[in-house]
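Let me begin by presenting the structure, written as structure tokens, before commenting on it.
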Amino acid sequence: MSQINVPREVIADLQERLKKTRWFDGIQDSGWEYGTDLTYLRELCDYWASDFNWYAVQDRFNAFDQVVTHVEGQRVHAFHQRSPRPDATPLLLVHGWPGSVIEFIDVIGPLSDPDRHGAPGAPAFHVVCPSIPGYGFSGPTQERGWDVRRISTSLDTLMQSLGYTQYAGAGGDWGSNILTDLARSDRASSLNALHLTMPTGLPPEPGVVEELNEFEQASLAHWDHAVATGRVNHVNTNTFRPHTMAVAVNDSPAGLLSWMVDMCRSFTVYEGNVEDALTKDQLLANATIYWATGTISSAMRLYYEWAKQKAAQPNPPFVTVPVSVSIFPNDIRRWPRSWAERSLNIVGWEVLEAGGHFGSWEQPDLFVDAVRRSLG
């Protein structure tokens, strides 16, 4: 049985690099005004170098069954936790950016074995939770062309190899794009249903005025402000010059953490305390995955490849697979339902009471209940 095993020399090297970080002189009491709060980042890096316990995280991962396969020569790692329940539904969980498979660490157990997690009789799932090719434990991609279509096809190949000819899918961010793409491909017949937390969408035609509720209006204003103030500038960086930035963040763990923490804050609490959404240990566990696997560059390249795919397919077909949507209210991007309905067969829509971009990680109970409602 496959297990995750980050060599101790990798963690020792990480700690040594953190201790040797060449810090710049910031502006006193500037907080997050210029980007990442340098005082907070230094405290977080000190904790990463001395007190953070990666191996406790690794042990939690290794409590789950795992598989490793190769598709088109690319390593694909996945957690594969079969349910003891004979009526369980196969479920493909796909993570996003700037997260990793760790987004689902607290939901695999409750989804696969609800009877042991305080919900006897609740819907159960055979959970397959891969690292996206190019991300984390699926190792870096090392050739052109690993776009969303190639990834969605590879994940369907994974599911078929595990014996799941029919299954449901759930995810947000890249997970939403990958699963939606799969539903548009010649493999769409594999999918029974989708549960998305960040659905794709299309705005109305120019000049058409839509009636939006207060939350939807606020959501669009929130996105416009995020774009105007650079909260999502990773999109341009990753799409047009991924290798330029990758050299820096692949070489410096403090640089990697600075970039990722700024995004994690923006994508959840926006202007608040990032630890209201994710703890120090959660932030550092995610960063350690990128660091230990050396996958930040290939993760960034997915944006470049996705842009090429979209340019080649400017008018993708309507998704006929049934789609249920759960919106986490603090997510960075929240399209109105009417936008999603132009491209997806929406059969259910709800706004949850809490949570941001990493909904399954921030609010695992809410996510589990939502998946049970929509896919159970």
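Under a 3.5 Å cut-off, the side chain of Thr239 and the backbone N or O of Val235 do form a donor-acceptor pair. Proximity of a side-chain donor or acceptor of Glu216 to a complementary backbone N or O of Arg337 within less than 3.5 Å is detected. A donor-acceptor pair under 3.5 Å is formed between the side chain of Thr279 and the backbone N or O of Gln282. A donor-acceptor distance shorter than 3.5 angstrom exists from the side chain of Ser112 to the backbone of Ile108, with no hydrogens or angles considered.
Of the N and O atoms on the side chains of Ser190 and Gln160, at least one donor lies less than 3.5 Å from an acceptor on the other residue. There is a side-chain donor-acceptor pair under 3.5 Å between Trp339 and Glu210. Side-chain contact check for Asn330 and Thr268: no donor-acceptor pair (N or O, by modelled atom type) lies under 3.5 Å. A side-chain donor from one of His225 and Tyr270 sits under 3.5 Å from a side-chain acceptor of the other. A donor-acceptor pair shorter than 3.5 Å can be found between the side chains of Asp281 and Tyr47. Using a 3.5 Å distance cut-off with no hydrogens or angles, the side chains of Gln81 and His126 do not pair a donor with an acceptor. A donor-acceptor contact closer than 3.5 angstrom is absent between the side chains of Ser297 and His243. For the residue pair Ser258 / Thr36, a side-chain donor-acceptor distance below 3.5 Å is found, with atom types taken as modelled. The closest side-chain donor-acceptor pair between Asp181 and Ser152 falls under 3.5 angstrom. With no hydrogens or angles considered, a side-chain donor-acceptor pair links Asn62 and Gln66 at under 3.5 Å.
A salt bridge is absent between Arg301 and Glu143: the closest approach of a Lys/Arg side-chain nitrogen to an acidic carboxylate oxygen does not fall below 4.0 angstrom. Using a cutoff of 4.0 Å between basic side-chain nitrogens and carboxylate oxygens, Arg42 and Asp46 are not scored as salt-bridged. Checked for salt-bridge contact, Asp13 and Arg8 miss the test: no charged N lies under 4.0 Å from a carboxylate O. We find that Arg373 and Glu350 are joined by a salt bridge, their nearest charged nitrogen and carboxylate oxygen being less than 4.0 Å apart.
Taking hydrophobic clusters as Ile, Leu, Val, Met, Phe, Trp and Tyr residues chained together by side-chain heavy-atom distances below 4.5 Å, Val227 shares a cluster with Trp335. No path of Ile, Leu, Val, Met, Phe, Trp and Tyr side chains, each step under 4.5 Å between heavy atoms, connects Leu366 with Val269, placing them in separate hydrophobic clusters. Residues Tyr304 and Trp146 fall into different hydrophobic clusters, defined by Ile, Leu, Val, Met, Phe, Trp and Tyr side chains chained together at heavy-atom separations under 4.5 Å. A continuous path of hydrophobic side-chain contacts links Leu93 to Phe61 [ILVMFWY only; heavy atoms under 4.5 Å]. Placement of Tyr34 and Met260 in two distinct hydrophobic clusters is found when ILVMFWY residues are connected by side-chain heavy-atom separations under 4.5 Å, directly or transitively.
For OH of Tyr40, the number of neighbouring non-hydrogen atoms (other residues, nucleotides, ligands) closer than 6.0 Å is greater than 12. With a 6.0 Å radius and a threshold of 12 heavy atoms from other residues, nucleotides or ligands, Glu353 has its CD atom at or below the threshold.
Cation-pi contact between Arg334 and Trp223: absent, since separation from the ring centre below 6.0 Å together with deviation from the ring axis within 45° is not met. Under a cutoff of 6.0 Å and an axis angle of 45°, Arg75 and Phe137 do not form a cation-pi pair.
Note: Asp147 CG to Asn177 CG = 12.0 Å, rounded to the nearest 0.5 Å. Here OG of Ser185 is found 4.5 Å from CG of Leu182. Values are rounded to the nearest 0.5 Å.
For Tyr164 and His80, the ring centers sit closer than 6.0 Å to each other. A ring-centre distance under 6.0 Å is found for Phe267 and His234. Ring-centre distance between Tyr135 and His95: below the 6.0 Å cut-off. Between Trp97 and Tyr303, the distance separating the two ring centers is shorter than 6.0 angstrom.
Considering every non-hydrogen atom in both Pro133 and Thr141, the closest pair reads C-CG2, 3.9 Å. Across all their heavy atoms, Ile289 and Gly136 have their closest contact at CG2-CA, 3.7 Å.
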